[in-house]
Amino acid sequence: MYEKYLDIAPHVKEAIANNQPVVALESTILSHGFPYPENMDFAKEVERIVRSEGAIPATTAVIGGRLKVGLSEDELMFICNPKDVGKVSRRDIATYVATGKDGATTVASTMMLAHMAGIKVFATGGIGGVHRGAETTMDISADLMELANTPVAVVCAGAKQLLDLGLTLEYLETQGVPVIGYQTGDFPAFYSRSSGFKLDYACRDAAEAALIVKTKWDLGLKGGVVIGNPIPKEYELDHDWMEGIITEAIKDANAKGIRGKATTPFLLARIKDLTEGVSFGSNVQLAYNNARVAAKIAAELCKLG
Ligand code: PSU
Ligand code: MN
């Protein structure tokens with residue numbers, strides 16, 4: 001039924017049909033995570049990196065109410081401008097489709113579109129999670145419930161340090177979502193390689209990650225897998241320095257009464273300003289690194305059939 005709302009780019013459709021590796025990419029990181037117009041270079045470069053690793057990139061979005069999997073360059077550039085596009089998570093999709101609106105997809109909605117198209121691997125920066133203070137605000141990203149339900153492997157640099165990472169891991173455990181460290185035994189903290197939270201599982205390489213993902217689905221277990229891939233050492237930011245910046249950004253958000261889906265974009269932009277752009281540079285690099293690893297895992301999954 002959903003097929004009538006879905007546009008899969010022909011080259012993406014062909015790759016899926018031929019069991020070639022495809023990597024889904026989200027668009028909220030473009031329009032609401034990164035500043036415009038710098039995000040336009042990122043959007044093109046991350047797709048180039050996926051291609052250079054032998055996989056087909058498929059950025060997702062909602063354009064004119066159509067669910068898009070795989071964007072043309074014009075569409076990709078259009079979706080970068082936050083003035084033109086909303087932030088679309090699971091709860092927003094039906095409204096955007098029914099009313100013909102334009103929106104960028106979050107981790108949750110990108111997983112949905114990837115699954116509709118038959119894509120198994122998705123690369124992002126960091127997943128959404130349980131926000132600090134969630135015990136009173138109840139601000140828990142829809143990304144976590146999506147991971148519990150939708151069968152897509154998400155390669156990320158953990159969850160953003162601005163979240164409550166301990167509670168995020170607890171939530172994922174409750175929901176039965178495997179969290180696998182990519183060549184690490186620690187849950188990555190986005191800007192830094194380790195959050196200090198130990199993971200129960202580390203995988204050696206892309207082949208082992210693919211095997212775990214495939215086995216989960218062979219067993220009939222629903223939902224996704226989180227693959228935590230730490231930021232490359234040379235781009236890592238000091239964890240304690242970032243803690244100070246994040247505390248200040250959260251204080252600003254509270255003072256301004258920022259709520260709901262505006263929270264994550266506000267905090268990312270504030271952190272970028274407070275670090276004079278340094279956090280943006282690291283965010284870009286960790287996302288490139290995730291795209292690279294996701295392409296490798298997608299290739300290994302294809303080999304497993
Ligand atoms: N990762 C980034 N930058 C981002 C996001 C992730 O490096 O902007 C986005 C993702 O789209 C994620 C969303 O799904 O933030 C989480 O938003 P919320 O907390 O409102 O669910
Ligand atoms: Mn939220």
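In each ligand, atom 1 is the first atom listed, and ligand 1 is the first ligand listed.
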Student: Do Leu274 and Phe280 land in one hydrophobic cluster if side-chain heavy atoms of ILVMFWY residues count as linked below 4.5 Å?
Tutor: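 Different clusters.
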
Student: Output yes when a side-chain donor or acceptor of Ser282 lies under 3.5 Å from a complementary backbone atom of Glu236, and no otherwise.
Tutor: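 Checked: no pair found.
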
Student: One thing to verify: whether Glu243 and Arg132 come together as a salt bridge, which I'm taking to mean a side-chain N less than 4.0 angstrom from a carboxylate O.
Tutor: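 Glu243 and Arg132: salt-bridged.
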
Student: Check this for me, if you would: do Asp92 and Lys261 make a salt bridge, where the nitrogen-to-carboxylate-oxygen distance has to be below 4.0 angstrom?
Tutor: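 Looking at Asp92 and Lys261, the cut-off is met.
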
Student: Mind checking whether Phe190 and Leu165 sit in one hydrophobic cluster, side chains of I, L, V, M, F, W, Y counted as touching below 4.5 Å?
Tutor: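 Both belong to a single hydrophobic cluster.
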
Student: Checking side-chain polar atoms at under 3.5 Å, does Ser27 have a donor or acceptor matched by the opposite partner on Thr105?
Tutor: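 Thr105 and Ser27 do have a side-chain donor-acceptor pair below 3.5 Å.
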
Student: Going only through I, L, V, M, F, W and Y residues with side-chain contacts under 4.5 Å, is there a path from Ile29 to Phe266?
Tutor: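 No.
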
Student: Based purely on interatomic distance, does Glu26 place a nitrogen or oxygen under 3.5 Å from a nitrogen or oxygen of ligand 1?
Tutor: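 Yes, at least one N or O pair falls under 3.5 Å.
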
Student: What about Leu268: any of its N or O atoms under 3.5 Å from an N or O on ligand 1?
Tutor: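 It does not: no N or O of Leu268 is found under 3.5 Å from an N or O of ligand 1.
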
Student: May I ask you to list the atoms of ligand 1 that are less than 4.0 angstrom from any heavy atom of Ser141?
Tutor: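 Counting from 1, the qualifying ligand atoms are 18 (P), 19 (O), 21 (O).
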
Student: Protein N, O or S atoms less than 2.8 Å from the Mn ion (ligand 2), ignoring waters?
Tutor: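 Within the sphere that stays under 2.8 Å of the Mn ion (ligand 2), the protein atoms of type N, O or S are Asp139 OD1.
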
Student: For Gly126, is the nearest heavy atom under 4.0 Å from an atom of ligand 1?
Tutor: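 It does; at least one heavy atom falls under 4.0 Å.
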
Student: Give the atoms of ligand 1, by number and element, whose distance to some non-hydrogen atom of Lys87 is under 4.0 Å.
Tutor: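 Atoms satisfying the 4.0 Å criterion: 17 (O), 18 (P), 20 (O).
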
Student: Flag yes if Val226 and Leu169 sit in one hydrophobic cluster, no otherwise; membership is Ile, Leu, Val, Met, Phe, Trp, Tyr, and two members link when side-chain heavy atoms are under 4.5 Å apart.
Tutor: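 Linked, Val226 and Leu169 end up in one cluster.
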
Student: According to a hydrophobic-cluster definition based on side-chain heavy atoms being under 4.5 Å apart (Ile, Leu, Val, Met, Phe, Trp, Tyr only), do Leu76 and Val50 belong together?
Tutor: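 The answer is yes; both residues are in one hydrophobic cluster.
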
Student: Any ion pair linking Lys44 and Glu47 (charged N to carboxylate O, less than 4.0 Å)?
Tutor: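 Looking at Lys44 together with Glu47, the answer is no, because their closest N to O distance does not fall below 4.0 Å.
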
Student: Quick one: which of Thr60, Thr124, Thr106, Thr110 gives a side-chain hydrogen bond (donor to acceptor under 3.5 Å, both in side chains) with Glu26?
Tutor: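 For Glu26, the side-chain hydrogen bond (donor to acceptor under 3.5 Å, both in side chains) test succeeds with only one of Thr60, Thr124, Thr106, Thr110, which is Thr124.
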
Student: Given that the side chain starts at C-beta and the backbone is N, CA, C, O, which of these parts of Thr264 lies under 4.0 Å from ligand 1, counting heavy atoms, or is it both or neither?
Tutor: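 Contact part for Thr264 vs ligand 1: side chain (C-beta onward).
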
Student: Numbering the atoms of ligand 1 from 1, which are under 4.0 Å from a heavy atom of Ile29?
Tutor: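 Per the distance check, 2 (C), 3 (N), 4 (C), 7 (O), 8 (O).
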
Student: Which of the atoms of ligand 1 are close to His131, meaning less than 4.0 Å from one of its heavy atoms?
Tutor: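 Per the distance check, 19 (O).
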
Student: Need the ligand 1 atom indices (1-based, order shown) with element for anything under 4.0 Å from a heavy-atom of Gly33.
Tutor: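 In order of number, 8 (O).
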
Student: Using a 4.0 Å cut-off to any heavy atom of Thr106, which atoms of ligand 1 qualify?
Tutor: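 Counting atoms of ligand 1 from 1, those under 4.0 Å from Thr106 are 11 (O), 14 (O).
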
Student: Using a 4.0 Å cut-off to any heavy atom of Asn283, which atoms of ligand 1 qualify?
Tutor: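 So the atoms of ligand 1 that pass are 7 (O).
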
Student: Where the side chain of Trp217 meets the backbone of Gly223, is there a donor-acceptor pair that is under 3.5 Å apart?
Tutor: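 Looks like yes, one N/O pair under 3.5 Å.
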
Student: Side chains of Ile227 and Val213, heavy atoms from C-beta outward: is any pair under 4.5 Å?
Tutor: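 Sidechains of Val213 and Ile227: in contact.
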
Student: Check contact between Phe190 and ligand 1, using heavy atoms of the residue and a distance below 4.0 angstrom.
Tutor: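 Yes.
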
Student: For atom 14 (O) of ligand 1, which of Val154, Thr110, Leu30, Asp143 has the closest heavy atom?
Tutor: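 Going through Val154, Thr110, Leu30, Asp143 one by one, Asp143 has the nearest heavy atom to atom 14 (O) of ligand 1.
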
Student: Could you find the nearest protein heavy atom to atom 5 (C) of ligand 1 and give me its residue, atom name and distance?
Tutor: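 For atom 5 (C) of ligand 1, the nearest protein heavy atom is Lys160 NZ, 3.2 Å.
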
